[in-house]
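Below, all heavy atoms of this structure are taken into account, side chains as well, without hydrogens, waters or symmetry copies.
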Amino acid sequence: MRKLKTLIPAVTVSDGAGVKIKRSLGQSADFRLDPFLMLDCFGSEKADDYIAGFPAHPHRGFETVTYMLDGHMLHKDHLGNQGHLKSGGVQWMSAGRGIIHSEMPQQESGLMRGFQLWINLPAKEKMKEAAYVDINPAQIPVVQAADGIRVKVIAGNFCYQDQQVQGPIQGLSTEPVYFDIHLSPGAQLQLPLPDGHNALLYPYEGTIELHSAEQQVTLPEHQAAVLSTQGAVSLSAKTAVRFLVLAARPIAEPIVQYGPFVMNTMAEIQQAVSDYQHGRLTSGQAMQPIPLQQ
């Protein structure tokens with residue numbers, strides 16, 4: 001069984017035009033987990049904490065995954081695409097060589113809650129055409145087990161007993177796994193993950209127990225629990241808990257980041273900045289769709 005390597009407590013920061021978020025991965029270059037660059041959790045019933053949103057800004061060289069638990073955001077990009085991201089939905093966007101987009105709240109009151117994950121791209125894919133897909137809740141499989149286990153399968157394959165359920169996101173080079181799991185009090189789960197994949201757990205409601213031959217440890221709320229890279233994950237819940245499971249194949253390439261640009265060398269970063277300043281970041285490209293698993 002996988003064991004706990006380290007805990008990364010989320011810290012409160014402000015991003016965009018003043019949105020309050022809890023950031024675990026991505027606090028600095030020391031707080032990454034290849035290929036995951038950043039994990040933000042946003043959540044508030046106070047409009048002042050989110051209403052300013054994320055006005056138009058550029059990206060190059062990685063993917064962003066936005067998962068809405070509650071609320072309504074509108075994505076717009078430089079090509080005129082619009083996508084309404086509502087409770088339970090996901091937007092998976094590959095910035096590739098360049099995209100300029102905004103993410104703005106479509107509500108003036110009530111709960112706005114969700115996650116944004118940044119996933120690095122390998123060098124050979126950093127300058128590919130930008131692409132994205134909006135995934136509505138009906139397209140995300142939900143496994144409801146009789147023993148108090150409920151799993152939303154966003155990416156990768158969920159294997160439990162005699163079931164294997166495929167998420168809508170498949171075929172990416174980092175082979176990402178993205179599950180949102182709810183356990184009832186007393187529930188137990190052994191979760192297979194691909195050997196060699198880096199993996200973490202992020203409890204966002206309640207705490208969860210992680211079991212291995214060497215450890216029995218409680219994983220706190222709003223801390224990214226980085227796991228060892230081999231074997232399955234053995235979990236149990238003393239009380240009701242909701243948590244993310246994230247895993248992916250590491251890229252093992254140099255990372256140079258400058259704000260919204262993530263490349264392999266400083267020269268590539270300088271080129272990205274120059275391209276943005278001179279209007280070349282997105283020139284001449286068409287947005288490509290990310291195909292969904294049927």
Side-chain angles (χ1 to χ4, degrees), residues 1-11 21-27 31-43 65 67 69 90 113-119 140 142-143 145 147-160 165 167 169 174-250:
M1 296 298 169
R2 297 194 185 213
K3 62 182 181 180
L4 177 67
K5 292 178 63 178
T6 188
L7 285 170
I8 304 175
V11 298
I21 57 179
K22 294 181 174 70
R23 178 167 294 165
S24 49
L25 299 184
Q27 299 172 33
F31 291 96
R32 297 181 181 134
L33 181 65
D34 186 14
F36 302 126
L37 301 165
M38 187 185 79
L39 178 61
D40 285 351
C41 176
F42 53 91
V65 184
Y67 173 33
L69 296 173
V90 173
R113 184 171 66 143
F115 296 91
Q116 186 164 100
L117 174 70
W118 288 12
I119 307 176
I140 302 174
V142 177
V143 179
D147 47 1
I149 301 169
R150 181 177 183 271
V151 183
K152 291 184 68 173
V153 186
I154 296 169
N157 300 326
F158 174 72
C159 302
Y160 181 69
V165 179
I169 295 294
T174 54
E175 302 169 5
V177 171
Y178 195 138
F179 303 150
D180 179 8
I181 300 182
H182 303 186
L183 297 184
S184 299
Q188 299 182 357
L189 172 65
Q190 287 197 3
L191 177 65
L193 291 175
D195 283 343
H197 274 38
N198 284 333
L200 66 88
L201 308 176
Y202 188 93
Y204 63 91
E205 285 185 13
T207 62
I208 191 168
E209 311 301 312
L210 175 69
H211 308 278
S212 69
E214 299 88 355
Q215 294 176 326
Q216 309 292 320
V217 60
T218 299
L219 305 181
E221 189 177 74
H222 291 297
Q223 297 198 26
V226 178
L227 307 179
S228 56
T229 59
Q230 303 293 319
V233 183
S234 179
L235 303 166
S236 65
K238 293 181 178 179
T239 59
V241 61
R242 302 176 70 177
F243 61 99
L244 300 184
V245 177
L246 302 173
R249 184 181 60 80

**Student:** S236 and side chain to side chain contact (heavy atoms under 4.5 Å, CB included): which partner among Q190, E209, Q216?
**Tutor:** E209
**Student:** Is the closest side-chain heavy-atom distance between M1 and H211 below 4.5 Å?
**Tutor:** no
**Student:** Using every non-hydrogen atom in the two residues, find where A247 and A199 come nearest and quote the distance to one decimal.
**Tutor:** CB-CB, 3.8 Å
**Student:** Are Y178 and V90 close enough that some pair of their side-chain heavy atoms sits under 4.5 Å apart?
**Tutor:** no
**Student:** Please answer whether the main-chain N or O of P9 pairs with a side-chain N or O of Q27 as donor and acceptor at a distance below 3.5 Å.
**Tutor:** yes
**Student:** Would the distance check show the side chain of R23 and the main-chain N or O of V11 forming a donor-acceptor pair, the cut-off being under 3.5 Å?
**Tutor:** no
**Student:** Do I119 and F36 come within less than 4.5 Å of each other through their side chains, counting heavy atoms only?
**Tutor:** yes
**Student:** Heavy atoms, side chains only, cut-off 4.5 Å: are L200 and I8 in contact?
**Tutor:** no
**Student:** Please tell me if the side chains of T218 and I208 come closer than 4.5 Å, counting only heavy atoms from C-beta onward.
**Tutor:** no
**Student:** Are the side chain of S212 and the backbone of Q215 linked by a donor-acceptor contact shorter than 3.5 Å?
**Tutor:** yes
**Student:** Keeping the roles fixed (side chain from R32, backbone from L37), state whether a donor-acceptor pair exists under 3.5 Å.
**Tutor:** no
**Student:** Do V245 and L193 come within less than 4.5 Å of each other through their side chains, counting heavy atoms only?
**Tutor:** yes
**Student:** Under the side chain to side chain contact (heavy atoms under 4.5 Å, CB included) rule, what do D180 and L69 come out as? Steps first, then yes or no, please.
**Tutor:** CA-CA 10 Å; D180 179 8; L69 296 173; 3.9 Å; yes
**Student:** For Y202 and A10, which heavy atoms make the closest approach, and how far apart are they?
**Tutor:** OH-CB, 3.8 Å
**Student:** Just say parallel, tilted or perpendicular for the rings of Y67 and F115, cut-offs at 30° and 60°.
**Tutor:** parallel
**Student:** Tell me if the centroids of the rings in H182 and F243 come within less than 6.0 Å of each other.
**Tutor:** no
**Student:** Measure the shortest side-chain to side-chain distance between D40 and W118 over non-hydrogen atoms and say whether it is less than 4.5 angstrom.
**Tutor:** no
